[in-house]
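Below, chains carry the letters A, B, ... as their sequence lines are ordered, and counting in each starts from 1. Reckoned from all heavy atoms, side chains included, excluding hydrogens, waters and symmetry mates.
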Amino acid sequence: MKVAAVAIVALAILIAIIPIFSDCESQGRTLTLENGRQVSMKCHWTARAELALGVPLLAVGGLLAFSRRKETRRNLGIMGAVLGAVVILMPTALIGVCVNPDMPCVGIMKPALILLGVLMVAINLAVVVRSLGQEDEAA
Amino acid sequence: MHVIRLAIRNAAGNSFRSWMVFFCAALMAGFVISATLVIRGADDSLRLALERLGADIIVIPEGHERRLESALLMGIPVHCWMPDIIVDEVAALPGVVAVSPQIYLSTLRGAICCSLPELFLIAYDPATDFTIRPWLELNLDAGLALGETVGGSFVYVPAGEDKLLVYGYELDLKANLEPTGTGLDQSLFFTLETAYDIARLSDEYAVKVMDIPPRTVSSVLVKVGRDADVHQVAQLIEAEIPGVTPLETNKLFKDQREQILSLLHSVVALLVITWLLAMALIAVVFSLAVNERRRQMGVMRALGARRGTVLQSVLIEAWLLALSGGLAGIGVSTLAISLFQRAIIAVMNVPFLFPPPLRLAGLSFGALAMALSGVTLAVLVPAVRISLQDPAMSMRE
Amino acid sequence: MISLQNVSKTYSVRGDSSVLAVRNLTMQVEKGEFVIITGRSGSGKTTLLSLVAGLTWPTSGQVLLDGIEVWRLADKEQSLLRNKKIGFVFQFPSLLPTLTSVENVLLPTMFGDKVKGDRSRDRAVMLLEQVGLNDKLRSYPRQLSGGQQQRVVIARALMNEPQLLLADEPTSDLDELTEHEIMALFRNIHALTGVTVLLVTHSNDLAGYGTRLIRMAGGAITDLDD
Ligand SMILES: Nc1ncnc2c1ncn2[C@@H]1O[C@H](COP(=O)(O)OP(=O)(O)OP(=O)(O)O)[C@@H](O)[C@H]1O
Ligand SMILES: [Mg+2]
């Protein structure tokens with residue numbers, strides 16, 4: 001299933017890149033403490049974490065494109081689905097985004113990551129399901 | 001063995017072709033559902049906002065019509081003042097059965113990140129109010145007391161605090177209203193008494209004083225008697241009272257409605273083009289597929305398949321792809337639109353309200369049915385052609 | 001069982017030229033016969049089989065199968081009759097590439113008027129065993145050799161217990177040894193079931209497998225070797 005591999009690679013790139021341009025800091029907004037120091041907000045750390053998730057997902061997609069054995073494909077699919085779930089969890093549960101609903105991280109970054117994460121999980125699950133009833137050589 | 005099984009195998013047999021049809025169907029259904037959701041969402045939202053206003057006419061100082069609309073729709077605060085005697089003047093006019101003043105305020109601008117956004121504040125007069133009370137009471141047992149407030153769905157108390165700070169004044173957020181998709185979602189409602197209290201104390205607590213000019217109001221909401229004509233009353237107000245503009249609420253949001261309408265037009269145009277292209281592509285792909293399988297169809301006919309069965313096998317294959325593609329397209333589009341609600345409101349400059357589940361199910365079903373019919377129409381010609389083919393002929397090269 | 005009376009078939013080719021594929025042909029085939037039809041390429045053998053099965057109509061003359069002009073029947077009756085009475089082995093690879101051997105053999109049951117379910121499957125497996133493919137039940141056509149594919153086709157032709165087997169050059173792509181194996185298979189089937197067989201071949205060596213030999217040339221039956 002070359003289509004799935006290509007889709008995973010594309011989604012992985014988007015997951016890594018979109019947050020870099022849509023967290024609040026990229027829009028010039030930081031939290032200024034009372035002592036005048038500027039600190040990064042939650043969404044910035046979520047963006048970093050997503051970058052860290054995008055790289056292994058890229059690898060999953062790349063490896064999937066070249067793997068012939070169904071066990072390998074199944075395992076890659078499981079890994080991709082789990083990582084995809086973490087992509088969703090980062091902005092929603094694990095780290096979160098800013099509280100203010102007007103912030104770009106809430107309006108753009110979070111929904112984008114949830115959407116990409118859902119697609120990522122769905123495609124990887126499809127890969128897993130297909131790998132269960134497939135011959136080795138079919139690609 | 002069943003025809004469906006055969007169709008599934010045929011679909012799985014050529015994955016490139018099947019993916020093409022899948023994506024085309026996803027595009028068709030996804031586009032339809034997105035367009036419907038956005039346009040109906042905008043429409044619903046406007047209607048709900050009008051219902052919440054609850055007045056027949058809103059009287060405001062001359063020249064503030066546009067700003068009031070954007071305040072109500074997009075939550076961009078408006079500041080306008082007129083003498084409070086106007087309340088009595090309006091009340092005295094024939095045809096008017098109820099009047100109630102309101103004061104419009106806003107929170108401080110440029111609030112630091114991750115705290116409250118700029119809010120539109122609406123202070124009403126509980127003694128005369130007839131517009132806010134009815135839906136306020138849906139959310140609260142009693143009216144609002146001094147220092148109490150009700151907020152739109154986007155209003156929240158910042159983490160770690162238990163009161164809303166407005167000009168240094170601690171407001172008690174009693175309830176959140178249901179979302180309307182308009183500026184009312186980022187508005188706060190409280191009584192005039194509370195407003196004056198905030199103004200008085202802002203001297204002491206706030207970096208900036210909240211100023212309410214004495215003996216002024218921002219607007220007067222008017223209810224017109226049953227037998228009176230709203231338009232005539234509005235004309236009367238305009239003629240009798242200088243310096244004010246009466247806004248008939250059922251004519252409000254004209255710009256937004258036009259915007260929605262023009263959005264509808266361009267979307268429909270785009271939709272038609274996309275659909276035609278997608279259908280053409282599907283037709284071509286299926287013609288190729290069917291041509292490639294001419295012999296196979298001939299064999300099936302020789303083995304005793306009727307014309308109808310051959311037709312069925314092609315149609316079912318198309319339907320399976322259309323159904324799965326359509327569902328995927330609808331799922332992804334709906335998810336995307338529900339996630340990006342805020343961004344849609346900001347970018348398209350129209351209010352937006354996501355439909356309730358049952359409605360959504362209905363719309364999805366409609367979109368799916370449309371995609372199915374579109375795909376059917378696209379494959380009908382090649383499917384019928386192959387089923388009518390003389391079997392002896394189709395078995396020749 | 002089969003009766004052709006002065007049958008001609010003309011194909012009109014694009015433009016005004018036309019090809020006379022079958023020329024004023026008259027013949028009878030009785031139930032239980034094993035008729036071998038030979039003739040050079042283009043002599044009208046495939047057209048003759050199509051006429052017999054009612055897959056195409058004669059330009060003139062009459063083709064009767066058990067007293068019925070099949071091609072005149074409505075689509076529904078025509079299809080049902082073919083499904084029940086006739087087994088086909090085609091000149092070209094005719095297995096559906098997306099179906100396994102068993103599923104291909106089961107294909108004719110899909111078009112019948114009654115559903116048989118498990119019993120059909122058992123019969124399909126039995127037929128595949130009979131043609132010597134016990135180990136290839138779940139193989140796809142692309143995983144089979146030409147000879148093996150042709151055996152699956154034969155099993156499929158026998159699925160609905162036909163009274164007439166029409167085989168159009170079933171051994172054309174096969175080596176000589178396999179060719180004889182397949183022909184022996186036909187002879188066994190004929191002996192076992194008593195099915196009427198019309199088998200087309202271009203090789204005269206195979207004439208001995210049948211009970212009767214018909215030679216065709218230029219769309220007509222001829223007694224001469226050409
Ligand atoms: N659909 C058609 N349109 C035009 N001419 C046709 C058509 N089908 C067959 N013919 C012509 O009819 C003649 C007989 O064809 P047919 O296929 O019956 O021959 P055949 O004996 O089966 O040949 P082969 O051994 O090559 O299969 C040929 O000359 C062929 O070109
Ligand atoms: Mg031939």
Atom CG of residue position B/L358 - does it have more than 12 heavy atoms of other residues, nucleotides or ligands inside 6.0 Å?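 Incorrect, the count does not exceed 12.
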
Check whether B/N10 gets within reach of chain C through its side chain, its backbone, both or neither, counting any heavy atom under 4.5 Å. both

Need one label for B/R301: side chain, backbone, both or neither, based on atoms under 4.5 Å from any heavy atom in chain C.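 Both backbone and side chain.
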
Locate the shortest heavy-atom distance separating [X] from [Y]; write the atom from each residue and the value.
X	Y	answer
B/D390	C/W57	OD2-CZ3, 4.0 Å
B/A305	C/S79	O-OG, 3.6 Å
B/A302	C/F90	CB-CZ, 3.7 Å
B/R295	C/F92	NH1-CB, 3.1 Å

Nearest 0.5 Å, please: how far is [atom2] in [Y] from [atom1] in [X]?
X	Y	atom1	atom2	answer
C/R82	B/R306	CZ	CZ	12.0 Å
B/R9	C/T100	CZ	OG1	6.0 Å
B/Q296	C/L96	CD	CG	4.5 Å
B/L6	C/L107	CG	CG	6.5 Å
C/M110	B/M300	CE	CE	5.0 Å

Counting heavy-atom pairs under 4.5 Å with chain B, which one of [options] comes out on top?
options	value
C/T98, C/L166, C/I86, C/N83	C/T98
C/S94, C/G87, C/P108	C/S94
C/T46, C/L49, C/L81, C/L55	C/L55

Side chains of C/F88 and B/V299: closer than 4.5 Å at any heavy-atom pair?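 Heavy-atom side-chain distance check fails, nothing below 4.5 Å.
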
Chain B heavy atoms under 4.5 Å from C/R156: which part of the residue, side chain, backbone, both or neither? side chain

